[in-house]
Participant: 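I'd like to ask some things about the structure below.
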Amino acid sequence: MKHESQLARLGLFDAKVPRYTSYPTAPHFSKDIGPSQFIEWIEAIPAGASISLYMHVPFCRRLCWFCACRTQGTQTDAPVKTYAETLIKEVAMLKSHLAPGVKLSRLHWGGGTATLLPADSMRKIAEAVFEAVPLGEKGEFSVEIDPNEIDDERMDALAQSGMNRASVGIQDFDPFIQSVIGREQTFEVTKMVVDMIRDRGINSLNADILYGLPHQTPQKMTESVEKVLSLKPDRVAFYGYAHVPWMSRRQSLIPSENLPTPPERLELFHLSRELFTKAGYDVIGIDHFALPHDGLATALKAGKLRRNFQGYTDDQAEALVGLGASSISRFPQGFAQNESPTGTYTAAIREGKFSTHRGFVFSKEDLMRGRLIEMLMCDFKADKAELVDQWGADPAGLDAEFAACVAKFEDMVVVTEAGLEIPEHGRPLTRMIARHFDAYDLSKAGHSSAI
């Protein structure tokens, strides 16, 4: 109880902070970045380098009320097929600017509902991508799969196209909670899809679930987590639901009065964490769990865990290229984001132009602070020697900021000989501690609860 009171006093239950999947965060992007800058950064990728590729499919057959992603509904396949043709053209445009020998370390299809794509479109897109940028020797091709929007034909298309990791969206298995968040999906349907995945020899499985949903209780959370565990996913993303109806109007359909209180959210998290760790999962950062053989667990042990727009990753590629409406690319030089409206994005690609419309150019300090925040989010510690030697940090300045952090967060952080460390009892505050090193205006809208 004393620990929870200290967390409350330090602002855990009141703070609104970024998830820090990027630094600076997206609200700080400007319209100074356009297609010419995107092309320049693509052409700067060295010959033979490895890159990651993210492809965004913004369509959904139904719009889940909890979701804050950039999506749009459709009841027909016509706009989806047209969009697929646009993606293929964008891939061809990308290829024309890439140096020889560039390969993929990761290919990820997300959304929206990536499995809304018809089987023939899936095959054509995959063929176009791998013709432009072949998958490297240990490369991963992952797809977000909605169990309510997949069948044998589309699963065969994905498997035969080279998908070797599947990510299944679950959120919660309680039928009443599902009805309240607009995402009805039975355990039986989910298990059937997991069996379909494994029957095709795809052995790497991710699962996404949420805590902090309306009407979640410790008993209901336990039941959902135990059902997830019965599916034996290799990796679990366990996100706190961010209720931001001012950003995502569909969330106004979710009754805010039935959301767990912040202390109740923390209890749900700790309960679930205990269930996952007892089942043999390693804790990965602030909101992931992985079996010891999974790439996230091995990357964590090797000190190579990273953070990007999809959350935690073991991908070491320096460039992540985003294709599709609203996708964000990250280069060593900065961020570049495509137009979000599907029509605007499509019109640009049809004219033979990339749709980049905003982004951010990194300064040396941005790179240093971005790496410092990534260290805290991934490893719960900041290595002073790396920050000074590789990222140009001023040693005296770091010492002063570390001291100010300790003064603010008390024993929730510790200055060590190696740098700064967040001990186990301080880790619920990780995002708030990371925010301490954020040099930008923190009043931007869109930040979610600290837990």
Participant: Using the six-membered ring wherever Trp is involved, compare the ring planes of Tyr440 and His28 and label them parallel, tilted or perpendicular (cut-offs 30° and 60°).
Facilitator: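 Rings of Tyr440 and His28: tilted, 30 to 60°.
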Participant: Is it true that His108 and Ser142 share a donor-acceptor pair across their side chains at a distance under 3.5 Å?
Facilitator: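 Per modelled atom types, Ser142 and His108 side chains form a pair under 3.5 Å.
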Participant: Answer yes if the side chains of Arg165 and Asn206 hold a donor-acceptor pair under 3.5 Å, and no otherwise.
Facilitator: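 Distance-only check passes for Arg165 and Asn206.
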Participant: Salt bridge or not between Arg371 and Glu374? Use side-chain N to carboxylate O under 4.0 Å.
Facilitator: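 Salt bridge between Arg371 and Glu374, a charged N being under 4.0 Å from a carboxylate O: yes.
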Participant: Side chains of Glu90 and Tyr345: any donor to acceptor distance under 3.5 Å?
Facilitator: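 Present: a donor and an acceptor within the cut-off.
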Participant: Going by the angle between their ring planes, with limits at 30° and 60°, are Phe238 and Phe269 parallel, tilted or perpendicular?
Facilitator: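 Rings of Phe238 and Phe269: parallel, under 30°.
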Participant: Measuring from atom CZ of Phe176 to atom CD1 of Ile181, what distance do you get when rounded to the nearest 0.5 angstrom?
Facilitator: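 So the gap between those two atoms works out to 11.5 Å.
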Participant: I'd like to know if Asp151 and Arg154 make a salt bridge, using a cut-off of under 4.0 Å between side-chain N and carboxylate O.
Facilitator: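 The answer is yes: the pair qualifies as a salt bridge.
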Participant: Examine Trp109 together with Phe141 and report whether their ring centres are nearer than 6.0 Å.
Facilitator: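 That pair passes the under 6.0 Å test.
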Participant: When the ring planes of Phe331 and Trp41 are compared, do they come out parallel, tilted or perpendicular, using 30° and 60° as the limits?
Facilitator: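 Tilted.
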Participant: Please tell me whether Gln75 and Arg61 have a donor and an acceptor in their side chains that are separated by less than 3.5 angstrom.
Facilitator: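 There is no such pair between these side chains.
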Participant: Answer yes if the side chains of Arg183 and Gln178 hold a donor-acceptor pair under 3.5 Å, and no otherwise.
Facilitator: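 There is no such pair (donor and acceptor under 3.5 Å, judged by atom type) between the side chains of Arg183 and Gln178.
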Participant: Is the shortest side-chain N to carboxylate O distance from Arg358 to Glu339 below 4.0 Å?
Facilitator: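 A salt bridge is absent here (no side-chain N lies under 4.0 Å from a carboxylate O).
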Participant: Thinking salt bridges, do Arg330 and Glu318 make one under a 4.0 Å N-O criterion?
Facilitator: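 No, this pair does not count.
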Participant: Are Asp287 and Tyr211 linked by a side-chain donor-acceptor pair shorter than 3.5 Å?
Facilitator: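 No - no donor-acceptor pair under 3.5 Å links their side chains.
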Participant: May I ask you to decide whether Lys89 forms a salt bridge with Glu85, counting only side-chain N to carboxylate O separations under 4.0 Å?
Facilitator: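 No.
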Participant: So that I can tick it off, tell me whether Arg273 and Glu424 are bridged by a salt bridge, with the cut-off set at under 4.0 angstrom between side-chain N and carboxylate O.
Facilitator: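 Arg273 and Glu424: salt-bridged.
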